[in-house]
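Below: one structure, written as structure tokens.
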Amino acid sequence: MPEKKVIAVIGATGAQGGGLARAILEDKDGPFSLRAITRNASSDKARALAAGGAEVVEANLDDEASLERAFRGAYGAFCLTNFWEVFSPEIEKAQARNMALAAKAAGVQHLIWSTLEDTRRWVPLDDDRMPTLMEKYKVPHYDGKGEADAIFQEVGVPTTNLLTSFYWDNLIHFGMGPQRAEDGSLVFNLPMGEKKLPAIAVEDIGRSAYAIFKGGPQYIGKTVGIAGEHLTGAQMASALSKALGEPVRYNAVPFDVYRGLGFPGADDLGNMFQFKHDFEEYYCSARPIDAVRALNPRLQSFEMWLAAKKDQIPLDPA
Ligand SMILES: NC(=O)c1ccc[n+]([C@@H]2O[C@H](COP(=O)([O-])OP(=O)(O)OC[C@H]3O[C@@H](n4cnc5c(N)ncnc54)[C@H](OP(=O)(O)O)[C@@H]3O)[C@@H](O)[C@H]2O)c1
């Protein structure tokens, strides 16, 4: 049997990279082996990956030399940044540059960059439909990633941009699930008006990335947009009602109200939802479901995701 090609996965202990890590490990006769990259090889998640057959290597996105060591000998690299840890597009761009330079130096043949749109291409800073944040961004956690796309090109790494979408798993882990109103009924709050929100089971981000690595060079230089389904808030509430066995009402939260909720990043997320709302046609068409299903035939719909995960959605007691 030919020797397996190593895929180095940044974020293997997290949501997106974890899905890719599991896809590689599950495909025992497949062409790839997993090198899980983490800052802490002795964490429970890193140990679990090692127990499952992964090589675990320590590196830090802030340290280019550590990344070069971690990428050496790898065929592929899956690269992401975690805005919600650093709250800074500047740091995300610096980390993207570190990954690009390290991958170039290590001779990585296929890099997947988990990215999002630079929304300023659609909403310039002087467009006052939404506030400018951090002085030069509209949606900081999008814009920094979108701006970083050019870094991988500039450095000359064979790259596929993976344009991700909203995780349904945010209903479990990001406090975005239905909430109990004072009268005990369940309300699903989302600032999407009547527009469709492209979203995905986070596991399918990893599976799609895996299919792109398997597809190989045909994807280099391309942007692949992914989602599991495009649904309105009302459609999501209706699927939630069915899955949870009690009525869930959609509440289309106004963007300004969402921006003012006060939690860290509320303004960024408020602008993000407004971008998805105002540019629905573009945003959905960049994530075509049929093409994603052709790439990843196990692609889950919201209903499928709910069937598997509904019990994990925290609901305040009535
Ligand atoms: N939530 C959504 O709906 C959504 C949708 C699309 C895109 N995104 C984007 O997804 C990104 C986060 O990805 P995720 O949800 O997969 O993250 P996650 O589950 O929070 O995990 C973060 C991962 O990144 C690794 N990491 C973070 N900082 C690192 C550093 N300095 N050096 C090395 N590794 C580092 C962590 O590894 P260790 O801790 O083991 O070192 C961990 O595996 C964010 O930038 C967000 O904007 C989110």
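One is the number of the first residue; the rest follow in order along the sequence. Since this is a predicted model, take the numbers as computed values, not measurements. Note that ligands are numbered from 1 as they come in the structure, with each ligand's atoms numbered from 1 the same way.
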Do the two ring centres, one from [X] and one from [Y], sit under 6.0 Å apart?
| X | Y | result |
| --- | --- | --- |
| Phe174 | Trp84 | yes |
| Tyr283 | His277 | no |
| Phe273 | Tyr258 | yes |

Decide yes or no for Phe213 and Lys5: does some side-chain heavy atom of the first lie under 4.5 Å from some side-chain heavy atom of the second? no

For [atom], the protein heavy atom that lies nearest, with its residue and separation:
| atom | result |
| --- | --- |
| atom 37 (O) of ligand 1 | Thr13 OG1, 3.2 Å |
| atom 16 (O) of ligand 1 | Gln16 N, 2.8 Å |
| atom 3 (O) of ligand 1 | Asn170 ND2, 2.7 Å |
| atom 11 (C) of ligand 1 | Thr81 O, 3.3 Å |
| atom 32 (N) of ligand 1 | Leu61 N, 2.9 Å |
| atom 19 (O) of ligand 1 | Ala15 N, 2.8 Å |
| atom 39 (O) of ligand 1 | Arg39 NH2, 2.9 Å |

Numbered atoms of ligand 1 (with element) below 4.0 Å of [X], judged on heavy atoms:
| X | answer |
| --- | --- |
| His141 | 47 (O) |
| Phe166 | 3 (O) |
| Glu92 | 45 (O) |
| Ser165 | 5 (C), 6 (C) |
| Asn60 | 30 (C), 31 (N), 32 (N) |
| Glu85 | 27 (C), 28 (N) |
| Lys145 | 44 (C), 45 (O), 46 (C), 47 (O) |

N or O pair under 3.5 Å between Thr164 and ligand 1: no

Using a strict cut-off of less than 4.0 Å between a Lys/Arg side-chain nitrogen and an Asp/Glu carboxylate oxygen, indicate whether [X] and [Y] qualify as a salt bridge.
| X | Y | answer |
| --- | --- | --- |
| Arg293 | Asp290 | no |
| Glu68 | Arg72 | yes |
| Arg22 | Glu203 | yes |
| Asp118 | Lys145 | no |

Assess whether salt bridge (charged side-chain N to carboxylate O under 4.0 Å, His left out) is satisfied between Glu154 and Arg97, documenting all intermediate values. CA-CA 10 Å; Glu154 214 177 278; Arg97 186 168 295 282; 3.3 Å; yes

Stepwise side-chain hydrogen bond (donor to acceptor under 3.5 Å, both in side chains) test for Asp63 and Asn98: CA-CA 7 Å; Asp63 175 358; Asn98 287 342; over 6 Å; no

Determine, considering heavy atoms only, which of [options] sits nearest to [atom].
| atom | options | answer |
| --- | --- | --- |
| atom 12 (C) of ligand 1 | Val86, Leu67, Asn82 | Asn82 |
| atom 25 (C) of ligand 1 | Gly19, Gly14, Gly11 | Gly11 |
| atom 14 (P) of ligand 1 | Phe174, Phe83, Tyr167, Trp168 | Tyr167 |

Taking every non-hydrogen atom, the tightest pair across Ser66 and Asn60: OG-N, 3.0 Å

For ligand 1, does Ala59 get within less than 4.0 Å through its side chain, its backbone, both, or neither, judged by non-hydrogen atoms? backbone

Yes or no: does His173 have any heavy atom under 4.0 Å from an atom of ligand 1? no

With under 30° as parallel and over 60° as perpendicular, where do the rings of His110 and Tyr75 fit, or are they tilted in between? perpendicular

